[in-house]
Structure formats: structure tokens, C-alpha cells
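Notes follow once the structure below has been shown.
Each chain gets a letter, A, B and so on, in the order its sequence line appears, and its residues count up from 1. Values reported hereafter were calculated over all heavy atoms of this structure, with side chains retained and with hydrogens, waters and symmetry mates removed.
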Amino acid sequence: MKFLEELNEAQKKAATHIDGALLILAGAGSGKTKTITTRLAYLLSLGIDPASTLTLTFTNKAASEMKQRALNLIGDNISHPPLLLTFHKFGLIFLKLYIHLLNRNNNFVIIDSDDQKKILKSISSDLPPNFMSKEISKYKNSFLSPDEVYNLANEKVYKQMALIYDKYQKYLLENNLVDFDDLLLLTYQILNENKDLAKEISNKYQYIMVDEYQDTNEIQLLLLKKLCLTHSNICVVGDDDQSIYGFRGANHKNILEFEKDFNAKVIKLELNYRSTNQILKAANSLISFNKNRYDKKLISALGDGKEVEVIENFNEVAEAETIAKRIKELIQNGVSPNEIAVLYRINALSRSIEDGLRSYGINYKLVGGMKFYEREEIKDLISYLRLIVNPNDDYSFKRVVNKPRRGIGKTTLIKLEEAKKDKSFIEFIKEDDLNFISKKAAKTLKDFVQFINFLSKLPIEEIPEILEENINLSTSYKDEDKKRNVEEFYGMIREKKDLTLREFLNELSLESDQDKLSDALINVMTIHASKGLEFEHLFVIGLEEGFFPLNDADIEEERRLAYVAITRAKKELVLSYTKSRYLRGQRTHVNKSRFLTEAGLIKGKVALKESNSLKVGSLVKHKVFGTGRVIGINKAGNKKKLKIDFGGSVREILSDFVEKI
DNA sequence: TAGAAGCAGATTTTT
DNA sequence: TCTGCTTCTA
């Protein structure tokens with residue numbers, strides 16, 4: 001087991017821990033992936049059956065990377081590879097096998113958040129789709145049924161939301177659709193309702209590992225508890241200080257309470273192999289202002305290094321120019337552009353820096369941005385494929401029936417919608433003589449349905465050619481990029497000839513974009529997108545109150561975000577702020593961020609104005625009273641007393657005793 | 001039906 | 001300022 005020798009003492013301790021729960025608190029740059037892949041290799045080298053291990057990640061990229069690294073360590077002397085996949089894919093595989101226990105068919109289709117919003121929009125046009133989608137996700141993640149939401153609602157909007165939620169759920173059931181939350185939720189539900197199955201599954205996966213544990217949500221925690229029903233061999237890795245997905249439902253508390261929840265041993269990895277000590281000093285100082293955290297301190301294995309720089313500029317144009325100049329110099333001095341990055345808190349700040357980079361002739365790539373399969377043209381094609389798989393998918397029908405233009409506009413669709421009643425569009429068009437619309441439109445629709453029907457009989461690899469011949473989608477777009485994307489997608493389909501179309505579609509909706517990394521470009525992205533990455537030379541812009549921190553709602557998460565940003569830097573870190581910034585057609589004067597002071601980079605008084613994000617209208621959970629909604633907030637000394645409506649009974653409770661959901 | 005013009009709204013987003 | 005949606009007009 002040579003590979004153990006590559007680890008430091010703490011890492012080795014973590015990697016060789018076998019039985020019982022373990023929390024590996026892996027600080028930024030402390031060799032987290034190395035440690036857990038080594039642990040996996042170690043388990044396998046002890047003769048543990050790969051099939052009895054289960055490693056869960058959040059991204060496909062992380063899963064495949066870890067798998068590769070573990071296999072490299074162990075070599076090819078194992079019968080089959082260990083199971084490494086995302087939480088969602090695990091849910092998918094599980095539901096394929098067991099969704100019948102909920103009386104549902106396993107030919108369900110996964111919808112992404114975009115589809116979800118469109119469905120919600122069609123249910124209600126007077127609430128913002130983002131709001132609806134967030135609310136519903138909250139309900140699902142706290143196991144609230146539409147009825148329960150209705151009973152908890154104390155305001156009109158929430159009553160309305162309950163009805164929308166109800167309609168949405170019915171729509172999903174009718175069309176046999178599953179959203180991202182469902183993949184986890186239904187899996188949990190099945191395990192919860194079938195005790196024997198839960199035991200069987202738990203027995204099957206004797207060694208569970210979870211990556212990025214700080215990003216898990218409530219359901220994921222419950223799911224893990226089910227998986228650990230018959231044993232306690234769960235090893236989770238994460239860093240509470242890098243929990244930055246709270247707004248998406250991640251519960252920072254999970255990692256803080258793992259020790260208690262699973263009676264776990266804790267091992268801290270604090271030796272950092274990424275950044276110099278100057279950089280870590282700033283990071284440590286900043287994060288120490290957070291109260292809810294494990295105490296730890298990163299120590300550099302690399303020496304002191306260059307001082308962290310703070311630069312002030314008059315405005316965003318000057319800022320961009322200063323930074324572009326610096327980057328140009330770096331590149332001229334032989335630094336590889338892919339070792340340089342510019343980070344910001346919100347996408348809106350990318351514009352000024354892009355302008356600056358362009359005017360200095362620096363090539364950059366915007367990381368994050370629009371994902372390949374989220375693009376209009378790809379979604380169009382996906383809708384065609386979905387319609388082929390499931391002709392009753394009205395959502396997809398509406399999307400593509402007039403793409404390319406066939407002369408089927410809004411009016412025709414409205415007429416059809418009224419006439420078809422409970423039937424799906426395709427069903428109806430097949431059976432009806434359509435004499436209430438023009439002859440031409442009727443023929444077009446009949447032809448369209450026939451075409452879809454024809455496609456459904458083809459093997460997957462023949463679909464691209466026939467599709468392209470008949471609909472010419474790639475030529476109907478003016479944009480060259482779109483044409484290229486269409487071609488690329490056709491290529492992807494052709495490669496999948498050993499899958500059914502349905503399998504292909506489900507895989508696709510769980511796939512995220514693999515960035516084509518190019519060495520010739522510098523990186524420009526949000527801090528969120530930078531998580532897990534590292535750069536020798538790092539510029540973080542917009543360190544101004546109101547931009548970063550963006551607001552006071554969850555200042556600890558903002559601070560963790562700043563911590564993530566700082567710890568991306570290997571050798572050189574430059575933090576930049578301006579005196580005024582132009583945004584949305586308005587110029588505002590801004591003050592430098594408190595984070596600069598907290599990081600010990602500039603002198604100044606550290607303001608202590610903390611507030612938590614509980615507002616009137618927030619959903620909260622109480623250990624005894626369950627879920628309720630805040631209807632009032634009062635001060636009680638230096639604490640907050642909340643008036644909470646628990647589905648009819650109103651109670652006053654100190655904010656310490658409830659948890660926001 | 002399809003493009004043009006007018007208007008509100010605008011964090012972060014692993015699946 | 002820019003985007004995405006609704007309303008207007010040929």
C-alpha cells in the first residue's frame with residue numbers, strides 16, 4: 001500500500017479509518033480529494049467488495065474525477081469499479097428500480113429547473129416563476145403537502161402558492177415527470193415507507209462516503225441516515241467554512257452537527273498545500289469573524305509568500321484597466337493564462353472587467369454562463385426527443401410545434417388547447433378532424449404528428465439524420481454558434497447508440513457542462529463558480545459594501561464566500577474596490593467592504609452588525625411544534641422573539657429555538 | 001402570424 | 001444597461 005505513504009499524518013489517519021462514522025474537516029487546499037480517493041483505494045485494497053461502497057458527490061465531474069484517481073491508485077486488480085455518483089443519479093437509479101412502490105411507472109422523465117419554471121408559469125402567471133420554484137422546493141424539502149402548505153398559509157400569496165403547488169404536483173403525476181427535488185425526496189419516501197427495503201439497501205452499501213458534506217440539505221441528511229440504518233460506516237468530507245449554497249437549500253448545520261448526528265470521530269486537515277501563508281493569514285483572520293463554525297486554522301506548507309494586495313480605484317473602468325494591465329504584464333512575463341483568474345460576487349460585475357480585458361487584447365473565458373444543454377437550440381432538440389419518447393408531453397409539443405416556423409401560432413394553439421380537453425395535443429390531433437382551424441394548419445399539425453410517430457420507431461443513432469433532413473433546425477438559426485451547437489448535439493446522440501432514447505434523456509438532464517479548458521485563456525467567473533478551483537494569480541473585484549457583502553441577510557454566508565474566494569489563490573492575491581460603481585444605468589458611491597478590515601488587510605474598526613435572515617413570511621421549523629410561518633418579529637433584549645403561526649396556532653418563540661427553512 | 005416597439009425588473013445556482 | 005416579456009401593427 002504505497003499510496004498511503006503519500007499522505008501526511010492527519011490525512012493518513014482519515015484514509016485508514018474504516019469502521020464507524022467519520023467527519024473529515026478538510027480546509028481549503030488541504031488535499032481533500034487525495035485523502036478520500038486514497039481512502040477508497042485503501043478500502044478496496046483490504047478486499048472490501050467495490051459493490052458495497054457508495055461514494056456520493058454533487059457533480060458528475062467530481063464523481064468521475066474521484067473514480068479515476070481511486071482506480072489509478074489501486075490499479076486494475078479489482079473485479080468491478082466502485083460506485084461513485086451524484087446524489088441525484090443515485091436517486092435516479094433507485095427510482096428506476098423502486099418507483100413502482102409509489103404506484104408510478106419507471107418510464108418517468110426528469111425535468112430541469114427551466115422546465116419547472118415554464119410549467120409553473122403556465123399554472124400561474126401572476127407570481128414570479130423564480131419565487132414559485134423556490135417556494136415549492138422549500139415545501140418539498142420539508143415534506144409539506146399542498147394541503148399542509150394551505151393550512152400554514154396566513155397570507156394570500158401563500159394560499160395561492162399552496163394551490164399552485166397542488167396543480168404542479170398533479171401535472172407532474174399526470175405526465176409522469178420527476179423534478180430534481182423528487183429524485184431525492186421520492187427515494188427517501190420509498191425507503192421510509194418500506195422498512196425491509198431500507199434495511200436491504202443499507203446492508204448493500206456497507207461503506208458510504210460523501211463529498212462536500214457542507215452542501216447537503218435536509219433530505220440528503222435523512223437519506224444518509226436511511227443508508228446507515230444497519231451500520232455506521234459513513235465517512236463525510238467537507239469544510240463548514242466553504243458552505244456557500246445556503247440559498248439553494250444546503251443546510252450549513254448538517255456539517256456542524258454531523259459529529260452529534262452520527263456519533264462521529266472528527267479529523268481536521270489544516271495543512272494547506274495550495275496557498276502561501278500571507279494568503280492564508282487573510283483567510284483565517286476573515287473567517288474567524290463567523291460564529292457558527294468549527295474552530296480551525298489553515299497553515300501553509302509553502303512558506304510566507306507575497307503580501308496580499310488591496311487596490312483602490314476611482315471607478316469600475318479604472319479598476320478594469322488596472323487589473324487588465326497587471327494581467328497583461330503577468331502573461332508577458334510568461335505566466336500561463338489559465339493560472340490567472342478574476343472573480344466577483346455577482347455576474348453583473350463581469351461587464352466592466354470584460355471590457356478592460358478586451359481593450360488590452362487579453363483573451364478570457366467566462367466560466368459558468370449558459371450551460372450547453374440549457375441553450376435554446378439544445379432545449380428545442382431535447383423537446384423533440386422527449387416528444388418522441390412520450391407523445392403526451394404537451395410541454396414539449398408546445399415548444400417545438402412551431403420550430404422551425406410552420407405557421408402554427410398562438411391562436412391555433414389556444415383553439416387546440418380548448419378543444420382537446422383532457423387529451424394530450426398529439427392524441428387529439430390524431431383523432432380529431434380539426435375542422436375548427438384552417439385546412440392548412442390542420443394538415444401541418446397532422447403531418448407533424450405523423451412525423452413524430454415515424455421518428456419514434458427509429459433506433460437512436462438514426463434520429464439525428466432524419467430530424468435534420470426534415471426540420472433543418474440547424475439552418476433555421478441565424479446564429480453560427482447555434483448551428484454549431486445543434487451539430488454537436490446530433491453528434492452526442494449518435495454516440496449513444498447503446499442507450500435507449502429515454503435513458504439518454506435522463507442522463508442528459510443530470511449532466512452539467514464540462515468546460516473545455518483552454519490554456520490560452522484567463523478565467524473570469526463568479527466566486528460560486530470558482531469553488532474547487534485554484535489559480536496562481538487571483539484578482540477579486542468589487543469588494544464594496546452592497547456588492548460584497550451583497551447584503552446583510554446572511555452575512556456569515558457572505559463571509560464564507562469571501563473565504564472561498566481568497567483561498568483560491570496560490571501565490572498572488574489582489575483584492576480590489578472602487579469608490580463608485582456603475583450598475584443598471586446608475587452610478588452609486590460605494591464604501592469599501594468590511595471584509596477587507598476583517599481580513600486584516602486595511603486598518604479600521606470592525607463593525608459588528610450581525611443580523612440573521614429571518615423575516616416575516618419565512619418558513620421555520622421548531623423541534624416540537626413543527627413547521628410554521630413567521631408572522632411577526634419583536635426584540636427581546638438582544639434576542640429576537642418571533643410570532644409564529646403553526647397552521648392555526650400562533651406562538652411566540654425566541655429565534656434561537658427555530659431553524660429557518 | 002411574425003417582427004417591432006414598449007416596459008418592468010434585475011444575487012449567487014453543483015442537480 | 002440589458003434582457004425578456006407583453007402589446008402593437010403590417
Measure [atom1]/[X] against [atom2]/[N] and give the value in whole Å, please.
X         : N       : atom1 : atom2 : answer
Gln220(A) : dT14(B) : CD    : P     : 14 Å
Lys89(A)  : dT14(B) : NZ    : C1'   : 13 Å
Glu557(A) : dT13(B) : CD    : P     : 12 Å
Lys118(A) : dG4(C)  : NZ    : P     : 11 Å
Phe87(A)  : dT14(B) : CZ    : C1'   : 11 Å
Asp179(A) : dT14(B) : CG    : P     : 16 Å
Leu177(A) : dT15(B) : CG    : P     : 20 Å
Glu212(A) : dT15(B) : CD    : P     : 12 Å

Next on the checklist: What's the closest nucleotide to the side chain of Thr59(A) if the choices are dT13(B), dT15(B), dT11(B)?
Outcome noted: dT15(B)

Next on the checklist: Can you identify which nucleotide, out of dT11(B), dT15(B), dT14(B), has its nearest atom closest to the Asn551(A) side chain?
Outcome noted: dT11(B)

Rounded to the nearest 0.5 Å, how far apart are [atom1] of [X] and [atom2] of [Y]?
X         : Y         : atom1 : atom2 : value
Lys226(A) : Asn192(A) : NZ    : CG    : 4.0 Å
Met209(A) : Thr55(A)  : CE    : OG1   : 4.0 Å
Ile323(A) : Asn313(A) : CD1   : CG    : 7.5 Å
Lys531(A) : Phe58(A)  : NZ    : CZ    : 8.0 Å
Leu83(A)  : Lys89(A)  : CG    : NZ    : 10.5 Å

Checklist entry - When all nucleic acid strands are considered with a 4.0 Å heavy-atom cut-off, which category describes Asn402(A): base, sugar-phosphate, or nothing? => result sugar-phosphate

Checklist entry - Base, sugar-phosphate, or nothing: which does Gln116(A) touch, judged by heavy atoms less than 4.0 Å apart? => result nothing

Next on the checklist: Under 4.0 Å between a side-chain nitrogen and a carboxylate oxygen: does that hold for Lys140(A) and Asp179(A)?
Outcome noted: yes

Collect all protein-nucleotide pairs involving nucleotides 1-3 of chain C in which both atoms are nitrogen or oxygen and the distance is under 3.5 Å.
from   : atom 1 : to        : atom 2 : distance (Å)
dC2(C) : OP1    : Arg351(A) : NH2    : 3.2

Item to check | Leu172(A) side chain near Gln169(A) side chain, heavy-atom distance below 4.5 Å | outcome: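 Sidechains of Gln169(A) and Leu172(A): in contact.
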
Checklist entry - Given side chains that start at C-beta, do those of Leu177(A) and Tyr171(A) come closer than 4.5 Å, heavy atoms only? => result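 SC-SC contact between Leu177(A) and Tyr171(A) confirmed.
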
Extract from the structure each pairing of a protein N or O with an N or O of nucleotides 6-10 of chain C at less than 3.5 Å, listing the distance.
none

Next on the checklist: Is the phosphate of dT13(B) approached by Thr526(A) (side-chain N or O, under 4.0 Å from OP1 or OP2)?
Outcome noted: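 Answer is yes, contact under 4.0 Å.
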
Next on the checklist: With a 4.0 Å cutoff (strictly under), does any side-chain N or O of Asn347(A) reach OP1 or OP2 of dT13(B)?
Outcome noted: yes

Checklist entry - Taking the P atom of each, how far is dT13(B) from dG4(C), in whole Å? => result 16 Å

Checklist entry - Going by atom types only, do Asn315(A) and Arg581(A) share a side-chain donor-acceptor pair under 3.5 Å? => result no

Checklist entry - Does CZ in Phe314(A) sit with more than 12 non-hydrogen atoms of other residues, nucleotides or ligands closer than 6.0 Å? => result no

Checklist entry - So which one's nearest nucleotide on DNA chain B is more toward 5', Ile346(A) or Phe58(A)? => result Ile346(A)

Next on the checklist: Between Ser113(A) and Glu558(A), which residue's closest nucleotide on DNA chain B lies nearer the 5′ terminus?
Outcome noted: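 By nearest-heavy-atom nucleotide position, the 5'-most residue is Glu558(A).
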
Item to check | N/O donor-acceptor pair, side chain Arg248(A) with base dT14(B), under 3.5 angstrom | outcome: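 Checked by distance alone, the answer is no.
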
